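We count ligands from 1, going down the list as the structure has it; atoms in each ligand are counted the same way. If you're wondering where the values come from, they're calculated on a predicted model, not measured in any experiment.
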Amino acid sequence: MRNAAITGWGMAVPERVLSNADLARMVETSDDWITNRTGIKERRIVGPDDSTTSLSVAAARQALAKAGLTADDIDLIVVATCTPDQFLVSQACLVQAEIGGNAGAFDLGAACSGFVYALAVGSQFVQTGLHERVMVIGVDTLTRFVDYTDRSTCILFGDGAGAVVLEATDEPRGLLSTVLGADGAGYKHLYIPGWGAFVPESAELFPEYRPYLHMNGQEVFRFAVRVMGDAAAEAVEKANLTFDDVDMLIPHQANMRIIDAAARRLALPREKVWVNLDRYGNTSAASIPIAIFEAAETGKLAEEDNVVLVAFGGGLAWAAGMVRWGTAGVCRDPECRKLGLAANEPERVPSGQSPDAAVMEIPTAGNG
Ligand code: COA
């Protein structure tokens, strides 16, 4: 069976840091409250010269370099975002304008679950044999849509981008199972009204018509606790594995209490759960590929590790998948890459599961 191994990874966050102490000077809140209720200590936010494009491009270039490829080698670019720089053209085409090549390019919208949705879509193109190499990007700049007078939402979000390159292999690598779901009836618990094709005649007729993120935090919390655990467990079962086989859980980084609930559902100890929301807050579609980058770059992912990805967010949508880490069966030679033949030895990385981002330099993009 043909699979889609992850062979390259990249990330980018803005330079500008917004700490809990900074927020406490803007709205009635405190570092204690934010830390206890969410686990977030600081987040990166875009400055005037940053954009969804600049973050995506930085992450994409890094992922290509890691895979040893150029943009010309890529057949398809899928960008998951709910905050594109513009609606026409797609964010994927804006990325391609910077990195080059003529790959097919389109966007996918599933809010914070977008990266896992896009990974599922990109993997399908490789698995069916239609494409050899696909780039999947998760990026969001939600702080452009955050109301910084609303303390219940402005504390949560940060900006960033993460990218992966998928390449064909006959070994069991990449996404081995996929769980996708949505409850569209609940969309008003987390949405950004306006800025779309529907424009009411008078904004006064629609009191909620503001281009800001609106959220019912408690409803979203309840939904998240329920679906994160269930979807993660289903992804393990669909891959014909048990919870004991899971080497790492990479959850969407929204709230530490939600992450803890998902980990409990899989009976996973904390050291097997990747957590970085203390440093980035909720970066929406970027949170999982950023975590993948950090885990890979700090040597915490080894060939054949089983990694569960699970996300939830606006939609209300959710997504999960079991990823078998590693590049076994992926041809590294340029000539055989062209033919899609033969394989070389997998590049082994050290094992060990204790996340320690201190050893890693955090890539930033743009001017904060
Ligand atoms: N600082 C201080 N107090 C705050 C506050 C803040 N930043 N935000 C809200 N409060 C207050 C509320 O006004 C409320 O006060 P009251 O009791 O006097 O009315 C009190 O804290 C409790 O509010 P509540 O909404 O019940 O808090 P909570 O424990 O549910 O935590 C969230 C709020 C937003 C942190 C939590 O609901 C959450 O994380 N939900 C999920 C949101 C999410 O992940 N969204 C993104 C999805 S991708």
Side-chain angles (χ1 to χ4, degrees), residues 18-43 45 80-83 108-118 138-160 162 180-184 186-192 212-229 231-232 250-263 275-278 280-291 309-320:
L18 185 70
S19 69
N20 289 352
D22 294 330
L23 282 164
R25 284 189 285 275
M26 296 160 68
V27 289
E28 204 182 325
T29 190
S30 65
D31 176 40
D32 267 1
W33 195 97
I34 301 171
T35 305
N36 291 336
R37 299 283 175 129
T38 70
I40 300 167
K41 299 295 283 184
E42 63 182 38
R43 63 292 286 144
I45 66 165
T81 186
C82 59
T83 52
L108 181 156
C112 297
S113 312
F115 177 78
V116 182
Y117 266 77
V139 57
D140 270 309
T141 51
L142 265 176
T143 68
R144 297 264 196 239
F145 299 89
V146 163
D147 177 355
Y148 278 99
T149 65
D150 174 8
R151 67 179 182 174
S152 66
T153 55
C154 73
I155 57 162
L156 298 176
F157 298 96
D159 303 316
L180 303 178
D183 173 15
Y187 84 92
K188 277 206 173 178
H189 295 316
L190 178 57
Y191 74 129
I192 302 174
Y212 286 133
L213 185 141
H214 294 239
M215 186 183 75
N216 180 337
Q218 288 183 1
E219 281 293 340
V220 175
F221 189 91
R222 274 194 286 273
F223 154 77
V225 166
R226 179 169 52 83
V227 300
M228 288 280 276
I250 297 187
H252 172 47
Q253 308 283 313
N255 184 310
M256 200 55 228
R257 291 181 290 152
I258 295 170
I259 292 174
D260 282 340
V275 175
N276 62 18
L277 88 170
D278 51 325
Y280 304 124
N282 179 346
T283 57
S284 188
S287 83
I288 287 181
I290 286 175
L309 312 180
V310 61
F312 73 96
L316 298 168
W318 63 90

Atom indices of ligand 1, in the order listed, that fall short of 4.0 Å to a heavy atom of G313: 48 (S)
Looking just at side-chain N and O atoms, do K41 and T35 make a donor-acceptor pair shorter than 3.5 Å? yes
Heavy-atom pair of closest approach, residues F223 and A317: CZ-O, 3.7 Å
Closer than 4.0 Å to some heavy atom of I155 - which atoms of ligand 1 meet that? 7 (N)
For ligand 1, which atoms sit closer than 4.0 Å to a heavy atom of T29? 1 (N), 2 (C), 6 (C), 7 (N)
Any donor and acceptor pair, going by atom type alone, linking the side chain of R151 with main-chain N or O of V27 inside 3.5 Å? no
Non-hydrogen protein atom less than 4.0 angstrom from atom 11 (C) of ligand 1: yes
Interatomic distance, OH@Y148 vs CD1@I45, rounded to 0.5 Å, equals 4.5 Å
Return the minimal non-hydrogen interatomic distance between I192 and L142, and the atom names on each side. CD1-CD2, 3.8 Å
Are D159 and R43 ion-paired here, with the side-chain N under 4.0 Å from a carboxylate O? no
With heavy atoms only and a cut-off of under 4.0 Å, state how N282 meets ligand 1: side chain, backbone, both or neither. side chain
Applying a heavy-atom cut-off of 4.0 Å, say which part of E28 lies close to ligand 1: side chain, backbone, both or neither. backbone
Looking only at protein heavy atoms, which one is nearest to atom 28 (P) of ligand 1, and how far off is it? R37 NH1, 3.6 Å
Quiz question for you: does at least one protein heavy atom lie closer than 4.0 Å to atom 3 (N) of ligand 1? yes
Protein heavy atoms: any of them under 4.0 Å from atom 14 (C) of ligand 1? no
Can you tell which of I34, V220, T153, I258 gets a heavy atom nearest to atom 43 (C) of ligand 1? V220
Which residue and atom name correspond to the protein heavy atom nearest atom 40 (N) of ligand 1, and how close is it? G217 O, 3.0 Å
Check: Q253 side chain, P251 main-chain N or O, donor-acceptor pair, under 3.5 Å: yes
Taking distance alone, with N or O pairs closer than 3.5 Å, would you say S30 contacts ligand 1? no
Can you list the steps and then say if T29 with R37 is a side-chain contact (heavy atoms from CB on, under 4.5 Å)? CA-CA 11 Å; T29 190; R37 299 283 175 129; over 6 Å; no
Part of L190 within contact of ligand 1 (heavy atoms, under 4.0 Å): side chain
Of all the non-hydrogen atoms in the protein, which one sits nearest to atom 39 (O) of ligand 1, and at what distance? N255 ND2, 2.8 Å
Side chains of T81 and D140: is there a donor and an acceptor less than 3.5 Å apart? yes
Could you walk me through whether L190 and L316 pass the side-chain contact (heavy atoms from CB on, under 4.5 Å) check? CA-CA 7 Å; L190 178 57; L316 298 168; 4.3 Å; yes
To which protein heavy atom is atom 33 (C) of ligand 1 closest, and what is the distance rounded to 0.1 Å? W33 CH2, 3.9 Å
Give me the nearest non-hydrogen protein atom to atom 7 (N) of ligand 1 as residue plus atom name, then the distance to 0.1 Å. R151 O, 2.9 Å
Cationic N near anionic O, under 4.0 Å, D22 to R25: yes
Nearest protein heavy atom to atom 20 (C) of ligand 1: under 4.0 Å? no
Nearest non-hydrogen protein atom to atom 42 (C) of ligand 1, with distance, is M215 SD, 3.6 Å
Within the 4.0 Å heavy-atom shell around A254, which atoms of ligand 1 are there? 44 (O)
Minimum heavy-atom distance between F115 and A285, given as atom pair plus value: CB-O, 3.3 Å
Ligand 1 N/O within reach of H252 N/O, cut-off under 3.5 Å: no
Could you tell me if any non-hydrogen atom of A224 lies under 4.0 Å from any atom of ligand 1? no
Around atom 48 (S) of ligand 1, find the nearest protein heavy atom and jot down its residue, atom name and distance. C112 SG, 3.1 Å
Shortest non-hydrogen separation from S152 to M215 and the atoms involved: O-CE, 3.6 Å
Distance-only donor-acceptor check, side chains N282 and H252, under 3.5 Å: yes
Which residue supplies the protein heavy atom nearest to atom 35 (C) of ligand 1, what is that atom called, and how far is it? T38 CG2, 3.7 Å
